Structures are given as C-alpha cells and as structure tokens.
Amino acid sequence: MISSAIRSTEINPGKLSFLFKKQFEMSKVKPGETVALVSDLATRIEYIEAAFAAAEALGADVYDMRVNSIPSWTKVGVPTIGKCKGTLEAVKAADLLVIFHVPLFTKWLKEVMDGGTRVLMIIDAPDDLEQLMSPPGLKEALKYAEEKYKKTREVRVTSEAGTDFTYSCGEYPVMTQWGYADEPGHFDHWGGGHIHTFPNEGSARGKVVIQPGDIVILPYCRYVQDAVHLQIEDGFITSIEGGLDAKLMRDWLDDGKANDNDRDPYAISHLGWGLNPQARWYSLAMNGDEPERHRASARVFAGNFLFSTGPNSQGGGKRTTRGHYDVPMRDCTVMLDNEVIIDKGRVIDPKMRVARLSVA
C-alpha cells in the first residue's frame, strides 16, 4: 500500500481545492490557458482533483498525463517525459505544466522551459502546501538576492564549527524559486523560497564541516548526528572524515560512481541559501523523517546555506551523476564579495528578510 494514501493530515482535506486555486492564481493561470498535469503511480489523487477544480474555476483547460512510473526521491535526472510518443510535444504546448515528481536535471525539462512553458512542481504533503505557501514579499526578496548573486564573483562561507569554503560565480546562471510559476519559462516549487547557482568549474576549495543539527535532506532525510569534515580542492571533495554520518555520505557517493575512476559524485553542485520564513529548521523533529514532509521545508528555511554534491546539468553543465547529496547547513556566515548577507545563520540584509505569516 502506498503510504501517502493513508497518511493523516492536520488540514481539512476540503481546503485543498482552495489552496490550489490560490496557488494557480499566483501562477497567473488565466481563462483559455492550458494546464497540463503530469502525475505518476504514487501521486495523491486528491491533488489531481484539486488541480482540476482550481483550473476549472479560473476558466483554464486542464488534463492529467499519468506516467507509468514511481519516480525515486533519491535519484535525480530520471526522465518521465519523452519516452512515449507525443508526451513531450503535449507538455511543451501547455501554458502551465504542473508536475508531481522531481523533473530536475532532465533534458526534457530544459526543452519545455526554453519554449516558455511555466513549470510548477508539487511534491510536498498537504499540511506543508498550506504552511509554506509563498508569503507577501518573498518573491521581491529573492529577486533582490538574485541580482546580488548574479553580480557576485566570489563567495566565502564560514562557521564556528570550522567551515571555511570559497567558490567563484558567473559561469552558470543563478536559479531562483519563490514558490509559484508566474513568469514564462520559469520553474518553481510550491513551498520554495531559495536561490542557488553552480560554482565555476574547479573553483570550489576549502573546508566544510557539516555539524550536528544540519540536515541531510537527500538522500537520507535526517539530522546529522556527528560532525563530517570535508576537504575540497579544485571543485571536488578529496576527503570525508568523521563517524557514522561520514560513512553514510562516503558510501552513498561511492555507490553513485559509474566506474572506479569516476569523480563526479564528489563534485560540488548547486550552492545557495533559503529565505522562506514559513519554513522551520525543527520541522524534521516535529513531523518525522518522511521525505514528503521536508522536500521544501528543509531546503528553504531562512538563513540556511544549502551545500550539495554531484550533477550540474540543470545549470548547463555536463555532469549527470546520480551521486547527489543535499545538506542545508545551520549557523553559517555567507559573504558575497566580502559583504556579509547571512551572519551565523541569521539573514542580516534587510532586503532579504521577509515577515512570517501565521497559518491557522
């Protein structure tokens, strides 16, 4: 039995259609537009029904394309569109594509976005869709952060735990998610609220200390229990030292190798920070380790520095390894060209700070 079919929620299930309608309004769904849903064998049926009702209420045409797959949460870049004839052409023709699994690092997604289709990913639990819905000011804060990140040429990240890590920027685009897909060719994640780019090839270097309380959201969905010491040279992790958490990281990345000489799983991938005030670091402790509860919240809580390894094809690079590791880190200081924007995990640039809304 698929657990999502029996998992209890705190919100009234009847609110889903209202939440979807609000989300579609934020994504600028208009009368006469076509909304294409891409679901899979594990998608919550209530999400499809709510999307149908929301699109109809806004005067849009809507249909669902269900793929014969249960996409893995831990493996990225696995295509679910394009194998069956006509599927890619269909979603490229839509005004808004709503997808219920992770399409990132696939070739077809880039082709769809390049054609101007807006793309909205919905992969979180009902309670989190309500809690994390983009508050007023979040897009503006992230647009401001995006402009600063685009102009940045060197980033330094430090922490009292021992992190002292630098990388150069500009080779790859800055990617920003504010929680809804309202611009042509824009990808977003309902519940999002973060920014990232991929470091220039070979530029990442220094020491990263993943400390207890940091979160390994991919692949494990767990708080780090003991410190992991990473040494990084020329864009690749060269050593991983520590206890259990170091072993878990090393074994996962080794398992992602295409051959014994493959270093791609150890490459530094997307790097950035979260700004969504609706998310909380302690959600993993409150809601358990089910990934559906943390796909957005763990990555976007304000002031976290999101460190990752593996692929960079989403930004236009050539690495497509499945050895992907995502670690939202607490208590870091982040400097853009020597300007501090986050101090020990606290956002100090006033234009990046957003007020939190109370959710009843």
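The figures here come from the full heavy-atom set of this structure, side chains too, leaving out hydrogens, waters and symmetry mates. Computed from a predicted structure; not experimentally measured.
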Quiz item: Does the pair Ile99 and Leu109 meet the rule for a side chain to side chain contact (heavy atoms under 4.5 Å, CB included), with working shown?
Solution: CA-CA 11 Å; Ile99 188 161; Leu109 176 61; over 6 Å; no
Self-check item: Test item: Leu129 and Tyr47 side chains (from C-beta on) under 4.5 Å apart, heavy atoms
Solution: yes
Quiz item: Considering all heavy atoms of both residues, which atom of Lys257 and which atom of Asp260 are nearest to each other, and what is their separation?
Solution: NZ-O, 3.8 Å
Self-check item: Residues, nucleotides or ligands: over 12 heavy atoms within 6.0 Å of Lys28 NZ
Solution: no
Practice problem: Examine distances only and state if a side-chain atom of Thr238 and a backbone atom of Gln231 form a donor-acceptor pair shorter than 3.5 Å. | Solution: yes
Quiz item: Hey, do the aromatic rings of Phe307 and Tyr325 have their centres closer than 6.0 Å?
Solution: no
Exercise. Answer yes or no: does atom NZ of Lys30 have more than 12 heavy-atom neighbours from other residues, nucleotides or ligands under 6.0 Å?
Key: yes
Practice problem: Identify the heavy atoms of Ala227 and His229 that sit nearest to each other, and give their distance. | Solution: CB-NE2, 3.9 Å
Quiz item: Counting distance only, does the side-chain N/O of Ser203 pair as donor-acceptor with the main-chain N or O of Ser168 below 3.5 Å?
Solution: yes
Quiz prompt | Reference residue Lys143; test side chain to side chain contact (heavy atoms under 4.5 Å, CB included); the match among Lys139, Glu140, Glu147 | solution = Lys139
Quiz prompt | Short side-chain to backbone donor-acceptor contact, Ser17 and Ala54, under 3.5 Å | solution = no
Exercise. Over 60° means perpendicular and under 30° means parallel, so classify the ring planes of His270 and His324, tilted if in between.
Key: perpendicular
Practice problem: With Asp124 as reference, evaluate His294, Arg295, His189, Gln131 under the side-chain hydrogen bond (donor to acceptor under 3.5 Å, both in side chains) test and give the passing residue. | Solution: His189
Exercise. Could you tell me whether a side-chain N or O of Arg263 sits under 3.5 Å from a main-chain N or O of Phe236, the two making a donor and an acceptor?
Key: no
Quiz item: Are Ser269 and Phe198 side-chain neighbours, meaning at least one heavy-atom pair lies under 4.5 Å?
Solution: yes
Quiz item: Would one find more than 12 heavy atoms of other residues, nucleotides or ligands at under 6.0 Å from atom CG of Asn68?
Solution: no
Self-check item: More than 12 heavy atoms from other groups under 6.0 Å of CG on Asn12
Solution: yes
Self-check item: Check ion pair Glu201-Arg319 (N to O, under 4.0 angstrom)
Solution: yes
Quiz prompt | Pair Trp281 and Tyr223, ring centroids less than 6.0 Å apart | solution = yes
Quiz prompt | From Phe301 atom CZ to Leu306 atom CG, the distance as rounded to the nearest 0.5 Å | solution = 9.0 Å
Quiz item: Does a donor on one side chain and an acceptor on the other come within less than 3.5 Å for Asn304 and His194?
Solution: no
Exercise. Answer whether the closest heavy-atom distance between the side chains of Leu16 and Glu49 falls below 4.5 Å.
Key: no
Quiz item: Does the side chain of Asp61 reach to within under 4.5 Å of the side chain of Tyr63, using non-hydrogen atoms?
Solution: no
Quiz item: Between the side chain of Arg293 and the main-chain N/O of Asp289, is any donor-acceptor distance below 3.5 Å?
Solution: no
Self-check item: Which atom of Leu275 lies closest to which atom of Ala145, heavy atoms considered
Solution: CD1-CB, 4.2 Å
Self-check item: Nearest non-hydrogen partners of Val29 and Ala60, listed with the distance
Solution: CG1-CB, 3.6 Å
Quiz prompt | Backbone N/O of Thr34 and side chain of Asp95: donor-acceptor pair under 3.5 Å | solution = yes
Quiz item: Is it true that a side-chain atom of Arg44 and a backbone atom of Ala125 form a donor plus acceptor pair closer than 3.5 Å?
Solution: no
Exercise. Using modelled atom types only, decide if a donor and an acceptor are shared between the side chain of Thr117 and the backbone of Ala94 within a distance under 3.5 Å.
Key: yes
Self-check item: Sub-4.5 Å side-chain heavy-atom contact between Arg66 and Thr43
Solution: no
Practice problem: Look at the side-chain heavy atoms of Ile, Leu, Val, Met, Phe, Trp and Tyr, link any pair under 4.5 Å apart, and say whether Tyr144 and Trp273 land in one connected group. | Solution: yes
Exercise. Could you tell me whether the side chain of Ser297 and the main chain of Ala279 form a donor-acceptor pair under 3.5 Å?
Key: no
Quiz item: So do Gln23 and Leu120 actually touch side chain to side chain, heavy atoms under 4.5 Å?
Solution: yes
Exercise. Using atom types as modelled and distance alone, determine if a side-chain donor or acceptor of Glu146 lies under 3.5 Å from a backbone N or O of Ile195.
Key: no
Quiz item: Is Leu37 close to Ile48 at the side-chain level, that is, under 4.5 Å between some pair of heavy atoms?
Solution: yes
Exercise. Output the distance between atom OG1 (Thr158) and atom CE (Met335), rounded to the nearest 0.5 Å.
Key: 4.0 Å
Exercise. May I ask you to say whether Asp188 pairs ionically with Arg118, meaning some side-chain N is under 4.0 Å from a carboxylate O?
Key: no
Practice problem: Go through the side-chain N and O atoms of Glu25 and Tyr180 and say whether any donor and acceptor fall under 3.5 Å apart. | Solution: no
Quiz item: Can Arg222 and Asp245 be counted as an ion pair, charged N to O under 4.0 angstrom?
Solution: yes
Self-check item: Minimum side-chain heavy-atom gap Pro135-Asn276 below 4.5 Å
Solution: yes
Quiz item: Near Asn259 CG, under 6.0 Å, is it more than 12 heavy atoms from other residues, nucleotides or ligands?
Solution: yes
Self-check item: Whether over 12 other heavy atoms sit under 6.0 Å from Glu183 CD
Solution: yes
Self-check item: Parallel, tilted or perpendicular: rings of Phe165 and Tyr167 (30°, 60°)
Solution: tilted
Self-check item: Residues Tyr266 and Asp254: side-chain donor-acceptor under 3.5 angstrom
Solution: yes
